[in-house]
Amino acid sequence: MAEQKLSSGRFKEIQDELLDKFNASIFFDNKLYEEDIKGSLAHAKMLTNQGILTEKELEDIQKGLAEVKKEIEEGNFVYDIKDEDIHMAIEKRLTEIIGDAGKKLHTARSRNDQVAVDFRMYVLKQDKIIAAKIKELINSFVNIAQNHKDTILPGMTHLQHAQPISFAFHMLAYASMFKRDYERFMSSYERNNLSPLGCAALAGTPHPIDREQTAKELGFKAPTINCLDTVSDRDFALEILFNIATLSMHMSRIAEELIIWSTSEFKFVTISDKYATGSSIMPQKKNPDVPELIRGKTGRTYGNLIALLTVMKGLPLAYNKDTQEDKEGVFDSVENILLSMDILIALMNTLTINKDAMLKAGKTGHLTATDLADYLAKKGVPFREAHHITGRAVALAEDKGVDLSELSLEELQSIDERIGNDADMSLVNSLNSRNSYGATAPSQVQIQLKYFKEFLNEN
Ligand code: ARG
């Protein structure tokens, strides 16, 4: 015989098991047990300060919740689908342990503000954890950049050779993306660092509660300003989903490059055996499963974002059970991004950079053609004409079976007499010459390195 539920006073019939199965969130929201207990402790303390609970009741609640926490952490807590969610389950167990005081805990509180405060605490905690890990990720890119200010590779547009750049410059492009990601998590944290507790079901409560106190106790900046909004909206969850989706999009781009760079056509990098996989049939294979999975997992982070956006669309105020669908996608995105970041950091820290292959690739595709055109333009040759002369130089190089950067001065001068003795179409000269602010020249990359190191050393 099934047990009656906590809130079933008005019901004459026992709820169908199918309803329990459909309605319950306990098997996934149990992840919020710690936040739930914290929230209850803060609430009970405030109720006591306000004369709503006695000191003795508070003591009982504190002891009881400590016992419940222990049971959960030691694996002795019985999760019962009849309890519907972690909030009811903890309260029921508390009441079993301490008796009547447990029943008073829910004074001036509803599951609506309870779930809102629990979930928000979880999301804020993850904002900080992810942000800290992004710093580690940036650090691994900066460390590589440190040693490759002069390592030349072909910079690409349309995945075609374009202009020479340094590998450090390329690594710091990712550091820049990840720094913005970091800032997004931190600004979401700041914006959402407000306590829902005390909003009760939707309209607040007639009890003389102190929301400032519970907010402070739980580490929030302040209580939220409007209860109807607070129990209803989930944009704090959408923000972390968007931030994760964007971070994983950035990670998927380096993942894709690592996949391309480790092919036998490129050989720019070698992924450590520690993070590569073999084939079950082809003995010679070494596969980049790690970057492929990082790239692949981006799909689910987008899915989780779109799923919650869709859940929230058109919901009338305030709380609706639809909102219970907010949690699993967030848990999934958080767990997967943390794992993906850990392995990307490990992979980058053990990556072998094949300078020679990069340089060799740099010597195909006439990367310094723009340099020659710019050189002539600086000498007063109209750019269209400079473009044409450069085209002839490229044709000469092609005839000779070399790269434009490998033509001798005499060969260049045979094309046009306006090419002076100061003409230098080498890759190194090209790299050094692009020294405008934010550019690839080692002098500029040095400034960028300093910028990211300062950022990493902040607080
Ligand atoms: N399990 C619910 C959720 O995650 C808790 C809030 C339930 N509130 C309610 N009025 N049914 O959203």
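Just so you know, ligand 1 is whichever comes first in the structure, and atom 1 is the first atom listed for that ligand. Counting from 1, the numbers follow the sequence of the chain as shown.
Under the 6.0 Å cut-off for aromatic ring centres, Phe455 and Tyr182 qualify, their centroids lying closer than that.
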Extract all donor-acceptor atom pairs below 3.5 Å that involve side chains of residues 255-263 and protein atoms in other chains or at least two apart in sequence.
| residue | atom | partner | partner atom | Å |
| --- | --- | --- | --- | --- |
| Glu256 | OE1 | Arg295 | NH1 | 2.4 |
| Glu257 | OE1 | His170 | NE2 | 2.6 |
| Glu257 | OE1 | Tyr174 | OH | 2.7 |
| Ser262 | OG | Leu258 | O | 2.8 |
| Ser262 | OG | Ile259 | O | 3.3 |
| Thr263 | OG1 | Ile260 | O | 2.7 |
| Thr263 | OG1 | Phe266 | N | 3.3 |

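Residues Arg184 and Asp181 are paired through a salt bridge, judged by an N-O separation under 4.0 Å between the basic side chain and the carboxylate. Look at Glu84 and Lys321 and you find a salt bridge, because one of the NZ, NE, NH1 or NH2 atoms lies within 4.0 Å of a carboxylate O, short of that distance. Taking 4.0 Å as the cut-off between side-chain N and carboxylate O, Lys56 and Asp60 count as a salt-bridged pair. Ion pairing between Glu67 and Lys63 fails under the 4.0 Å rule for side-chain N and carboxylate O.
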Does ligand 1 have any N/O pairs with the protein under 3.5 Å, and how far apart?
| residue | atom | partner | partner atom | Å |
| --- | --- | --- | --- | --- |
| ligand 1 | 1 (N) | Ser25 | OG | 3.1 |
| ligand 1 | 1 (N) | Asp85 | OD2 | 2.9 |
| ligand 1 | 1 (N) | Gln324 | OE1 | 2.8 |
| ligand 1 | 4 (O) | Lys327 | NZ | 2.6 |
| ligand 1 | 8 (N) | Asn112 | OD1 | 2.9 |
| ligand 1 | 10 (N) | Asn112 | OD1 | 3.0 |
| ligand 1 | 12 (O) | Tyr319 | OH | 2.4 |

